[in-house]
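Below you'll find the structure, written out as structure tokens, and then a few comments.
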Amino acid sequence: MLESQNFVRLYGLVRTNYVCRHQGRDIGMPSVFDVAQYILAAHGPMTTMKLQKLVYYSQAWSIVWDDDVLFPERIEAWKNGPVVRDLWVATQGRFRVSAISGGDADRLNPAQRETVDLILGFYGDKDAQWLSDLTHMEDPWKDAYAKAQNTEITPYALMEYYSALGPNDIASDEIVVA
């Protein structure tokens, strides 16, 4: 019962903030396109699959480290791992991308940039298949995909899983934030 109450509270905050932003009162949350553009500007061109996974890990660790979602768009459990459908639509038909139309890297504040930079510092040198395989071993994707393909991976599921990882659960070259 407590888990569902926490989810409702977290999801309600995300949806409330999303609605406020999209009714003309921009309070500064970047979109997935802004985050993707920041990743591409910082790291360079990459496959769309790798970009999807870096966006996913940026969202997951932002929820844990910053106590907030990085972007409001939903993440879904697809066959090849977590995917933000809106970003997939924007990059559909392309194997590699170097820019995201409508994305503005300057929309990320310094704390958000720091989070994404930490993600790029660890995950950035991994290839798309390695990242996809990693997501397939983690509960947020496994649990959502077990329900049905394209099921949402909720911010609550990300917070529950990634905040519970201890030092023994993290690879030796994993990110450590003091």
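Every value quoted in this text rests on a predicted model; they were computed, and no experiment measured them.
Around atom CD of Glu114, no more than 12 heavy atoms belonging to other residues, nucleotides or ligands sit under 6.0 Å away.
Using a 4.5 Å heavy-atom cutoff, the side chains of Lys126 and Lys50 are not in contact. Two residues are said to be in side-chain contact when any heavy atoms from C-beta on lie closer than 4.5 Å; Thr154 and Leu158 fail this criterion. Put simply, the side chain of Gln52 reaches to within 4.5 Å of the side chain of Val84, judged on heavy atoms. At least one side-chain heavy atom of Asp117 sits under 4.5 Å from a side-chain heavy atom of Tyr38. Residues Ile75 and Phe71 are in side-chain contact: their nearest non-hydrogen atoms beyond the backbone lie under 4.5 Å apart. In this structure the side chain of Gln59 never reaches within 4.5 angstrom of the side chain of Ile119, judged on heavy atoms. Here the side chains of Ile63 and Asp68 are not in contact, with every heavy-atom distance at 4.5 Å or above. In this structure the side chain of Ile153 never reaches within 4.5 angstrom of the side chain of Asp143, judged on heavy atoms.
Listed here is the closest heavy atom pair of Ala144 and Thr151: O-CB, 3.3 Å. Closest approach of Pro140 to Tyr56, counting heavy atoms only: CB-OH, 3.5 Å. Between Thr135 and Gly81 the shortest heavy-atom distance is OG1-CA, 3.8 Å. Smallest separation of non-hydrogen atoms from Pro72 and Pro30: CD-O, 3.4 Å.
Distance CE/Met46 to CG/Leu54: 5.5 Å, rounded to 0.5 Å. Atoms CE and CG, on Met29 and Leu70 in that order, are 7.5 Å from each other to the nearest 0.5 Å. Rounding to the nearest 0.5 Å places CG of Leu40 at 10.0 Å from CZ of Arg96. Between atom OG of residue Ser62 and atom CE of residue Met159 there is a gap of 13.0 Å, rounded to the nearest 0.5 Å. From Arg94, atom CZ reaches atom OG1 of Thr48 across 8.5 Å, with rounding to the nearest 0.5 Å.
Hydrophobic cluster membership differs between Val83 and Val32, with clusters built from Ile, Leu, Val, Met, Phe, Trp and Tyr side chains linked at under 4.5 angstrom. Note: the hydrophobic cluster containing Trp88 does not contain Ile100 (ILVMFWY, side chain heavy atoms under 4.5 Å, direct or indirect links). Hydrophobic clustering (ILVMFWY, side-chain heavy atoms < 4.5 Å, transitive): Leu118 and Leu131 are in one cluster. At a threshold of 4.5 Å between side-chain heavy atoms, the hydrophobic network of Ile, Leu, Val, Met, Phe, Trp and Tyr places Met49 and Tyr145 in two separate groups.
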- Step-by-step salt bridge (charged side-chain N to carboxylate O under 4.0 Å, His left out) determination, Asp133 to Lys53: CA-CA 10 Å; Asp133 292 344; Lys53 303 317 171 246; over 6 Å; no
- Query: Run the side chain to side chain contact (heavy atoms under 4.5 Å, CB included) check on Lys79 and Gln149 step by step: do they pass?
  - Reply: CA-CA 7 Å; Lys79 182 179 181 180; Gln149 188 169 339; 4.0 Å; yes
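Partner Arg85 forms a salt bridge (Lys or Arg N to Asp or Glu O under 4.0 Å) with one of Glu73, Glu152, Glu76 and no other, that one being Glu76. Here the rule is ring pair (Phe, Tyr, Trp, His ring centres under 6.0 Å) with Tyr162, and of Trp65, Trp61, Tyr156 only Trp61 fits it.
Looking only at atom types and distance, the side chain of Ser132 has no donor-acceptor partner in the side chain of Asn80 under 3.5 Å away.
In this structure, Tyr57 and Tyr123 have parallel ring planes: the angle between them is below the 30° cut-off, well short of the 60° mark.
Side chain of His43 to main chain of Leu51: no donor-acceptor pair is present (N/O by atom type, distance under 3.5 Å, no hydrogens or angles). Side-chain atoms of Thr91 come within 3.5 Å of backbone N or O of Leu87 as a donor-acceptor pair.
Between Trp78 and Trp141, a ring centre-to-centre spacing not shorter than 6.0 Å is recorded.
Using a 4.0 Å cut-off between charged nitrogen and carboxylate oxygen, Asp104 and Arg107 do not count as a salt-bridge pair.
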